[in-house]
Colleague: 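Sharing a structure with you now.
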Protein chains: 2
Amino acid sequence: MSANSRLTIAAHALAWIGLYQRQGHEVATSEQIATSVNTNPVVIRRLLGELRRAGLVESRRGVGAGWSLARELESMTLLDVYEAVEPGPLFAMHRTTPDQGCVVGHGIQPAMQGIYEGIEETVRHELARVTLENVLQDVLEAPR
Amino acid sequence: MSANSRLTIAAHALAWIGLYQRQGHEVATSEQIATSVNTNPVVIRRLLGELRRAGLVESRRGVGAGWSLARELESMTLLDVYEAVEPGPLFAMHRTTPDQGCVVGHGIQPAMQGIYEGIEETVRHELARVTLENVLQDVLEAPR
DNA sequence: GCAGTCGTAACAGTGAAGGTTGCAACAGCC
DNA sequence: GGCTGTTGCAACCTTCACTGTTACGACTGC
């Protein structure tokens with residue numbers, strides 16, 4: 001499966017901003033976050049833009065500009081982040097519609113849809129159990 | 001997310017072969033399955049090749065060649081199919097390693113890895129609960 | 001007005017998956 | 001032995017989403 005790193009990068013950025021703010025700083029720049037993630041600042045700005053639309057972060061412009069959290073890390077779950085950055089479903093249907101004249105071709109999509117929805121619901125439930133505060137604590141506990 | 005239809009197509013093919021065999025036929029051809037799926041026979045052969053390596057189907061060559069189930073649909077779960085056709089994880093890490101000199105860059109991967117492993121385990125558990133026989137029954141119950 | 005940073009468009013690079021063509025290998029049948 | 005239908009598989013193109021990069025306008029505090 002062509003797996004996606006968007007959730008990972010978003011969690012990284014949020015944890016970074018959260019820690020930076022706890023160290024007394026007002027805002028973090030996309031440049032700083034990009035250095036930690038090891039990528040281009042524009043990639044970070046794009047991703048944080050999606051998180052801003054979801055109400056998770058805020059941005060300031062002008063001199064002394066940058067990004068700050070819109071809520072406490074405790075009140076943000078991985079599900080919030082997931083919904084902000086991953087629009088599509090975990091499993092996809094056929095790219096071309098199957099033969100509707102065939103019994104299987106006709107019934108397979110509703111059948112799989114029902115199964116997939118149940119699984120996605122379970123995944124959402126798991127993601128909702130983890131807050132970004134949990135993530136930051138796990139990060140800080142990593143052995144060096 | 002760039003979602004994947006491989007699991008869907010594999011389930012479609014297996015349900016088709018199972019139903020066809022119940023109608024008294026010995027083997028199904030990739031051509032027939034491709035018609036129902038609405039794609040190219042080579043795509044089906046590639047996918048069924050992976051299922052054969054996993055011991056789910058068998059193939060015959062020569063005249064009267066084609067594909068047949070290696071086991072009953074009752075004893076095949078979506079997890080078996082998933083493991084046969086989806087090698088990678090559901091969520092990926094960074095594509096370039098993050099800055100190991102940064103606390104967050106250093107700890108984020110083990111932190112997310114732990115979380116993701118738990119979620120994948122849950123998904124596997126859900127997939128293992130559904131047999132291909134369940135899928136076929138759902139398919140046949142679809143309103144027309 | 002200057003400087004620093006965001007906001008966003010435009011485009012190239014990358015990688016996975018699907019689609020297509022072609023052909024050798026195989027096995028039953030005449 | 002030759003014919004036929006099908007798998008097995010390699011090679012290549014297309015498509016698509018995402019990432020990476022450059023460029024530049026917009027904004028804001030000094």
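Proteins get letters first, then strands, A, B, ... in listed order; numbering begins at 1 in each. In what follows, every heavy atom counts, from backbone to side chain, and hydrogens, waters and symmetry copies are set aside. Everything numeric here is computed off the predicted structure, so don't read it as measured data.
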Colleague: Could you state the NE2-C1' distance from A:H94 to C:dG19, rounded to the nearest angstrom?
Modeller: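 Roughly 16 Å, once rounded to whole Å.
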
Colleague: Return the set of residues passing side-chain contact (heavy atoms from CB on, under 4.5 Å) with B:E26 (not counting sequence neighbours), or none when no residue passes.
Modeller: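 Expected list: B:R60.
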
Colleague: Show every side-chain hydrogen bond (donor to acceptor under 3.5 Å, both in side chains) that has at least one partner inside residues 62-79 of chain B, sequence neighbours left out.
Modeller: B:T77-B:D80

Colleague: Once you round it to whole Å, what is the distance between P of D:dT19 and CG of A:L7?
Modeller: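 Computing the A:L7:CG to D:dT19:P distance gives 12 Å.
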
Colleague: Nearest whole Å is fine: how far is D:dT15 P from A:R95 CZ?
Modeller: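 Rounded to whole Å, this separation is 11 Å.
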
Colleague: I need the residues from residues 55-71 of chain A with at least one non-hydrogen atom less than 4.0 Å from DNA chain C; give them sorted by number, or say none.
Modeller: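 Result for residues 55-71 of chain A: A:S59, A:R60, A:R61, A:G62, A:V63, A:A65, A:G66, A:W67, sorted by number.
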
Colleague: Of B:E31 and B:T96, whose closest DNA chain D nucleotide lies nearer the 5' terminus?
Modeller: B:E31

Colleague: Could you give all pairs that pass the salt bridge (Lys or Arg N to Asp or Glu O under 4.0 Å) test and reach residues 93-119 of chain A, with sequence neighbours left out?
Modeller: none

Colleague: Which residue pairs pass the side-chain hydrogen bond (donor to acceptor under 3.5 Å, both in side chains) test with at least one member in residues 102-113 of chain A, sequence neighbours excluded?
Modeller: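 Every side-chain hydrogen bond (donor to acceptor under 3.5 Å, both in side chains) pair that includes a residue of residues 102-113 of chain A, provided the two are not neighbours, is A:H94-A:Q109.
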
Colleague: Quick one: do A:E50 and A:R53 make a salt bridge, cutoff under 4.0 Å?
Modeller: no

Colleague: Is it true that A:E133 and A:R22 have a side-chain N and a carboxylate O under 4.0 angstrom from each other?
Modeller: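 Result for this pair is yes, salt bridge flagged.
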
Colleague: Among residues 32-51 of chain B, which ones have heavy-atom contacts with DNA chain D below 4.0 Å?
Modeller: B:V42, B:R45, B:R46

Colleague: Grab the CG-P distance between A:N4 and C:dG15 for me, whole Å please.
Modeller: 15 Å

Colleague: Separation of B:I9 atom CD1 from C:dA17 atom P, in whole Å?
Modeller: 13 Å

Colleague: Quick check against the 3.5 Å criterion: does A:Q100 have a side-chain atom that pairs as donor or acceptor with the backbone of A:P98?
Modeller: yes

Colleague: Figure out the CE/P separation between A:M93 and C:dA17, and round it to whole Å.
Modeller: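 Nearest whole value for this atom pair: 18 Å.
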
Colleague: Could you check whether any side-chain N or O of A:T29 sits under 3.5 Å from a backbone N or O of A:Q32, counting only pairs where one atom can act as donor and the other as acceptor?
Modeller: yes

Colleague: Between A:S5 and D:dT19, is there a contact of a side-chain N or O with OP1 or OP2 at under 4.0 Å?
Modeller: yes

